[in-house]
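The structure appears below as structure tokens.
Just so it is clear: chains get the letters A, B, ... in the order the sequence lines come, proteins before strands, and each one is counted from 1. As the structure is a computational prediction, the values presented were derived from the model and not from experiment.
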There are 2 protein chains.
Amino acid sequence: MSVQITDEDFMRVALAEAEQALAMDEVPVGAVLVAGGEIGARAHNRRETDGDPTAHAEVLALREAARRRGHWRLHGTTMYVTLEPCPMCAGALVNARVDRLVFGAYDPKAGAAVTLFNLVEDPRLNHRLEVRGGGLAEEAAELLRGFFRRRREEGEE
Amino acid sequence: MSVQITDEDFMRVALAEAEQALAMDEVPVGAVLVAGGEIGARAHNRRETDGDPTAHAEVLALREAARRRGHWRLHGTTMYVTLEPCPMCAGALVNARVDRLVFGAYDPKAGAAVTLFNLVEDPRLNHRLEVRGGGLAEEAAELLRGFFRRRREEGEE
């Protein structure tokens, strides 16, 4: 007998990753890639730490999962991420053939799954994802708000 | 006295990179990132070789240039790439704050600078690039056509 693991459970793991980013003074975004009910990769934003413009949580999780699988095609996977993906990350999810995207907070500044663009369900591209937005959005957004509030306060000192 | 290096000169370097991809049986796309008239990074598509869904020429060149610069912000740079960037790569160029994009062949299947989307000049995003398309497009397209022709022929054997 096994107990079903829910989207919310995996999103909590992604939130824990986002908290790790926060502790490193990175914009707090976390991601988890799941295949067959198991976590294939987990990552958090490391842009400043790595000095890498592509080191968003989703890209790092995709690269790690592909390394483990030994192939760039990540069929049969779901990406959980605390913030709606930007165009780069949404495009990476399409390129990697990820099946499903579950994200937390909507991103009014760069959201590319729903808000500004919908790159993950576009019929002109050679792959589309099933999308679910807004899961644990309040927790994810509060982490981000706290980060930017602190940064503003520090900037004012 | 110094002689001006033209866009076409740098695009020829990108084409040489694409030819290296072709020799490795990768989709032949090459990229060069230039800063202050000098090549800061050069790369070619390595998706199959690395088993990495994000290992497009542009992403690899951005990561290498950022590593050398020691920072993710690549202000003052121009990306030369033989094929119009896909959504992932167009988004990465925006994220990296690249100033200018010069590409070769237009991509009817995934082009995200002009053809299907225009992600690099969107006023809603926090950075925009100057774009020039179609430079040495015939040479770049011929490399790609040759690759896919050969792949089809091999598939038919």
Given the rule that I, L, V, M, F, W and Y join up when any side-chain heavy atoms are under 4.5 Å apart, are B/Leu33 and B/Val94 in one cluster?
-> yes
When hydrophobic residues are tied together by side-chain contacts of less than 4.5 Å, even through go-betweens, does A/Leu101 share a cluster with A/Tyr80?
-> yes
What part of A/Ala90 is in contact with chain B, defined as an atom under 4.5 angstrom from a non-hydrogen atom: side chain, backbone, both or neither?
-> neither
Ranking A/Ala55, A/Gly51, A/Ala66 by heavy-atom pairs under 4.5 Å to chain B gives rank one to A/Gly51
Please tell me if the side chains of B/Cys86 and A/Asn95 come closer than 4.5 Å, counting only heavy atoms from C-beta onward.
-> yes
Rounded distance [0.5 Å steps], OG1 in B/Thr54 versus CG in A/Leu93 = 11.5 Å
Check the hydrophobic clustering (I, L, V, M, F, W, Y; side-chain heavy atoms under 4.5 Å; chains of links allowed) and say if A/Leu74 and B/Met88 are grouped together.
-> no
Quick one: pull up CD in A/Glu64 and CG in B/Asp52 and give me the separation to the nearest 0.5 Å.
-> 11.0 Å
Residues in residues 106-138 of chain B that sit under 4.5 Å from chain A, counting heavy atoms only | B/Lys109, B/Ala110, B/Leu116, B/Phe117, B/Leu119, B/Asp122, B/Arg124, B/Leu125
Honestly curious: do B/Ile5 and B/Val34 fall in one hydrophobic cluster under the side-chain, below-4.5 Å linking rule?
-> yes
To the nearest 0.5 Å, what is the distance between NE2 (A/His71) and CG (B/Asp50)?
-> 12.0 Å
Any idea which of A/Cys89, A/Gly91, A/Gly70 has the most non-hydrogen atom pairs under 4.5 angstrom with chain B?
-> A/Gly91
Single-linkage hydrophobic cluster, 4.5 Å side-chain cutoff, B/Val59 and A/Met79 together = no
